[in-house]
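Since the structure comes first, as structure tokens, the remarks are kept for the end.
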Amino acid sequence: MPDAHLPRGFADRDAVDVAATETMLAKIRSIYELYGFDVLETPFIEFTEALGKFLPDQDRPNEGVFSFKDDDEQWLSLRYDLTAPLARHVAEHYDKLPKPYRSMRAGWVFRNEKPGPGRFRQFMQCDADIVGAGSIAADAEVAMLMADTLEAVGIARGDYLIKVNNRKVLDGMMEAIGLGGDAEAARRLTVLRAIDKLDKFPADEIRKLLGAGRKDESGDFTKGAGLDAEAIERVIAFTGWGDGAPQGTLNSAASLENFRKAVGTSQRGQDGIAELETMQSLFTAAGYDESRILIDPSVVRGLEYYTGPVFEAELTFAVKGDDGRPVRFGSVAGGGRYDGLVSRFRGETVPATGFSIGVSRLLSALRLLGKIEHDKTPAPVVVLVMDRDQIAHYQKLVTILRQNGLRAELYLGDAGMKAQMKYADRRHARCVVIQGSDERERGEVLIKDLVLGATLSSAPDREAYLKAQAEAQFAVSEALMVDAVRKVLARG
RNA sequence: GCAGCUGUAGCUCAGUUGGUUAGAGCGCUAGAUUGUGGAUCUAGAGGUCCCCCGUUCAAGCCGGGGCAGCUGUACCA
């Protein structure tokens, strides 16, 4: 017999999950629409080559991407984000699209990686991108859209922070410490990864990662970048998180000042700083202060394709999980400028900037905040079956309820009345409709309010008990059944 | 991937220096109530003790090797 369970990293979603996701996506979409973005839907499957995850030398797709061969031996893959399919779409329909093109997409993406808490192999993203605009104003708008979107789904101002950095600044800083040029590419990656961990480890652990290496608490060793002491301190000074400066205390102006010192004469670095200054002035003009959008050196993002400004949205409120320990959310959204992505399909460079919300992760954050609205689908009214030979009549009662817009169902199992009551209870039904032979002869039905009924045993005295019982279960003529059920449902 | 920890009923777990038929709580099913869910009482169902090999008269327990899960770390478009 097969074992009835899912592969790890995948999850079923019940009615509550689905309703909550739909509600949240609707809010996100309405903000994106407000900013002028058009919906685009692309398939789950693309040519592996188009996703850019093909390993040409080994003639197979990258690990981490779910892939399979088509009939004609071409490799296909499940999409791992919504950006690569957008690049393909833009390149394929370039002449038809308005430029700049504002696109939004929401949907499932797949990554064949080790799952963990809050990390799945199938998860939902919701993206907004501006393709064909090289202006830094586009980047600023995307950052502001991130802030507006988080507020729209119920994250209060002050409970989130959009952090902004620029890859050119990071590149310039590394040029300044002698890590320029192709020969140092590997060490640059290691340094970037170390900086990316600033929100995870204290400065001293980062120093180890920049230097010889670091051991984790299980004793596993991670090799470092091998920088000398002076270079390490220059990187730490760049972040502004050296001794005595606890992380997260810097303002944008202080970070920019650190950046200026760190990039020195690097032209690329200075360009990046100028871009950040421009964005800063746009944020200020639009009324987005540093409590919402902050320039922050620790934002690095993915290593492959970002070319300019990069953003990350972090939730800053403290929440305790089931085990009482504080829960870290990490980033719930991220993005940046990727000027090279579309040019893979076309000779010319097409500038683009955008961001992606991790829908599933944001949803679990909202759940912990208590911001998930309850499922609005009402529990059904259950019509019990007392006499099997009367099923047709019970079915008629159900139909009448449905025709009046009441969610109702006939008990279709074959158990006795007790089990039927249990069933109704488990369905969270507010009330049941009962008709035995006595009631049928009189043309009546019994309406039983399960919520009131449950309180009967705790009535203080006999009088109260009788009164409650009369309210909880009463007979009405069939003609008045719908009204009576409505009254019970209205009891709330 | 690497490292550490953990695998016993549907769930949470107990299980003596290795000793007969492996337990508890919760949950589940049914009865106590000729037609009434939650509470109480009673009964019942439910186990490849993760798998394989070894040590032993005897293994849930000891040894070796797998596999799976959790945590950390690495990677993360």
Side-chain angles (χ1 to χ4, degrees), chain A residues 1 3-5 7-9 46 48 50-55 61-66 77-87 109-117 119-121 123 125 127 189-190 192-194 196-197 200-201 205 208-209 213-224 300-306 323 325 330-331 334-336 338 340-341 344 356 358 382 384-387 411 415-440 446-458 469 472-473 475:
Chain A
M1 259 200 304
D3 220 20
H5 67 84
R8 61 189 179 136
E46 300 262 356
T48 307
L51 295 178
K53 286 294 151 184
F54 203 70
L55 303 171
N62 207 329
E63 304 175 46
V65 183
F66 289 103
S77 293
L78 287 172
R79 63 189 182 191
Y80 56 82
D81 69 11
L82 299 176
T83 310
L86 172 68
V109 301
F110 304 84
R111 295 185 188 182
N112 194 5
E113 293 171 341
K114 177 187 162 183
R119 275 181 75 147
F120 295 88
R121 287 153 88 188
F123 57 99
Q125 289 193 328
D127 283 32
L189 277 184
T190 310
L192 284 179
R193 284 170 187 150
D196 197 30
K197 289 179 179 56
K200 199 170 179 182
F201 300 134
E205 298 299 316
K208 290 180 194 165
L209 285 170
R214 164 179 189 275
K215 248 185 211 175
D216 73 25
E217 60 191 58
S218 69
D220 193 31
F221 185 73
T222 306
K223 197 171 183 303
V300 175
R301 300 296 301 161
L303 304 168
E304 232 162 291
Y305 60 58
Y306 289 114
D323 53 3
R325 290 194 305 182
S331 70
Y338 50 99
L341 209 57
R344 292 197 306 111
S356 177
V382 177
L384 305 194
V385 174
M386 306 304 292
D387 302 301
Y411 176 78
M417 180 170 190
K418 197 165 170 158
Q420 296 191 38
M421 288 298 296
K422 231 171 187 171
Y423 171 80
D425 197 39
R426 189 165 286 189
R427 295 286 286 140
H428 300 115
R430 173 71 205 222
C431 63
V432 294
V433 173
I434 305 167
Q435 187 183 60
S437 51
D438 296 351
E439 289 82 15
R440 187 164 49 252
L446 280 179
I447 312 287
K448 174 155 185 171
D449 180 333
L450 294 188
V451 174
L452 273 186
T455 65
L456 284 184
S457 55
S458 62
Q469 196 194 34
Q473 181 170 319

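So you know, we letter chains A, B, ... as the sequences are listed, proteins then strands, and number each from 1.
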Residues passing the side chain to side chain contact (heavy atoms under 4.5 Å, CB included) test with A:Lys418, sequence neighbours excluded, are none
Please state whether the base of B:rA74 and the side chain of A:Glu113 form at least one donor-acceptor pair under 3.5 Å? no
All N/O contacts under 3.5 Å from nucleotides 3-6 of chain B to the protein, with atom names and distances to one decimal?
residue: B:rA3; atom: O2'; partner: A:Ser218; partner atom: O; Å: 2.6
residue: B:rA3; atom: N3; partner: A:Ser218; partner atom: OG; Å: 3.3

Legend entry - Sugar-phosphate only, base, or nothing, as touched by A:Ile434 at under 4.0 Å among non-hydrogen atoms: base
*With distance as the sole test, does A:Arg121 use its side chain to make a donor-acceptor pair with the main-chain N or O of A:Arg8 at under 3.5 Å?*
yes
- Query: Quantified in whole Å, what is the C1' atom distance between nucleotide B:rU29 and nucleotide B:rG10?
  - Reply: 13 Å
Checking N1-N3 plus N6-O4 or O6-N4 for Watson-Crick, or N1-O2 and O6-N3 for wobble, each under 3.5 Å, the partner of B:rC49 is none
For A:Tyr411, the ring-ring contact (aromatic ring centres under 6.0 Å, His included) test, sequence neighbours excluded, returns A:Tyr423
Applying ring-ring contact (aromatic ring centres under 6.0 Å, His included) to A:Tyr80 and not counting sequence neighbours gives none
_Nearest-Å distance once atom P is located in both B:rG27 and B:rA39_ = 7 Å
message = Using a heavy-atom cut-off of 4.0 Å across all strands, would you classify A:Lys197 as base, sugar-phosphate, or nothing?
response = sugar-phosphate
With the criterion being N/O to N/O and under 3.5 Å, what pairs connect the protein with nucleotides 42-45 of chain B, and how long is each?
none

Give A:Arg8 one of three labels, base, sugar-phosphate or nothing, depending on what nucleic acid heavy atoms sit under 4.0 Å from its own.
sugar-phosphate
- Is A:Arg119 salt-bridged to A:Glu113, cutoff N-O under 4.0 Å? yes
How far, in whole Å, is B:rC70 from B:rU12 if one measures between their P atoms? 12 Å
query = With a non-hydrogen cut-off below 4.0 angstrom, is A:Leu384 in contact with a base, only sugar-phosphate, or nothing?
reply = nothing
Across every strand shown, the nucleotide meeting Watson-Crick or G-U wobble geometry with B:rG31 (both distances under 3.5 Å) is B:rC41
pair_partner(B:rA14), Watson-Crick or wobble, both distances < 3.5 Å, evaluates to none
* Asked: Within the modelled atom types, does a donor on one side and an acceptor on the other bring the side chain of A:Arg193 and the base of B:rC75 under 3.5 Å apart?
  -> no
Mind checking if A:Asn62 touches a base, just sugar-phosphate, or nothing, with heavy atoms under 4.0 Å? nothing
* Base, sugar-phosphate, or nothing for A:Gly64, non-hydrogen atoms under 4.0 angstrom? -> base
Nearest-angstrom distance, C1' atom, B:rA32 to B:rA22:
31 Å
* Asked: Taking atom C1' in both B:rG19 and B:rA24, what distance in whole Å separates the two?
  -> 22 Å
- Message: Looking at A:Lys200, I'd like to know whether one of its side-chain N or O atoms comes within less than 4.0 Å of OP1 or OP2 on B:rG72.
- Response: no
By nearest-nucleotide position on RNA chain B, the 5'-leaning member of A:Ser437 and A:Phe110 is A:Ser437
Hey, does A:Met417 have a side-chain heavy atom less than 4.5 Å from the side chain of A:Met386? yes
Closest of B:rC76, B:rA74, B:rG35 to the A:Glu439 side chain is B:rG35
**OP:** Would you please determine if the base of B:rA77 is stacked by A:Tyr80, with stacking meaning a centroid separation under 5.5 angstrom and planes under 30 degrees?
**Re:** yes
With a 4.0 Å cut-off on heavy atoms, is A:Gln473 in touch with a base, just the backbone sugar-phosphate, or nothing at all?
base
Between A:Arg301 and A:Gly335 the two heavy atoms that sit nearest each other are NE-N, 3.8 Å
Could you tell me how far B:rU6 sits from B:rC13 if I compare only their P atoms? Round to whole Å.
13 Å
Taking a pair to mean Watson-Crick or G-U wobble geometry with both distances below 3.5 Å, B:rA74 pairs with none
Across every strand shown, the nucleotide meeting Watson-Crick or G-U wobble geometry with B:rU21 (both distances under 3.5 Å) is none
Notebook entry, point to check: For A:Gln435, which contact category applies under a 4.0 Å heavy-atom criterion: base, sugar-phosphate, or nothing?
Noted result: nothing
- Query: Has A:Lys197 got more than 12 heavy atoms of other residues, nucleotides or ligands less than 6.0 Å from its NZ?
  - Reply: yes
Applying the 3.5 Å cut-off to both distances, the Watson-Crick or G-U partner of B:rG69 turns out to be B:rC5
Applying the 3.5 Å cut-off to both distances, the Watson-Crick or G-U partner of B:rG60 turns out to be none
The nucleotide from B:rC28, B:rG37, B:rU36 with an atom nearest the side chain of A:Arg426 is B:rC28
Practice task
Evaluate the side-chain proximity of A:Val432 to A:Gln420: yes if any heavy-atom separation is below 4.5 Å, no if none is.
Solution key: no
Next item on the list: Assess A:Arg214 against A:Phe201: is NZ or CZ under 6.0 Å from the centre of the six-membered ring, and within 45 degrees of the ring's axis?
Entry: yes
Answer for the Watson-Crick or wobble partner of B:rU36, both distances under 3.5 Å, is none
For A:Ser356, the side chain to side chain contact (heavy atoms under 4.5 Å, CB included) test, sequence neighbours excluded, returns A:Gln125, A:Asp127
Checking B:rC76, B:rG37, B:rA74 against the side chain of A:Phe201 (C-beta onward), the nearest is B:rA74
Record whether the side chain of A:Lys448 comes under 3.5 Å of the base of B:rU36 through a donor-acceptor pair of N or O atoms.
-> yes
Q. Quantified in whole Å, what is the C1' atom distance between nucleotide B:rC11 and nucleotide B:rC28?
A. 11 Å
Taking B:rG35, B:rU73, B:rG37 as options, the one with an atom nearest any side-chain atom of A:Met421 is B:rG37
Under 4.0 Å between any heavy atoms, over every strand shown, what does A:Val65 touch: base, sugar-phosphate, or nothing? Just pick one.
base
Whole-angstrom distance between B:rG46 and B:rG37, as gauged at atom P: 26 Å
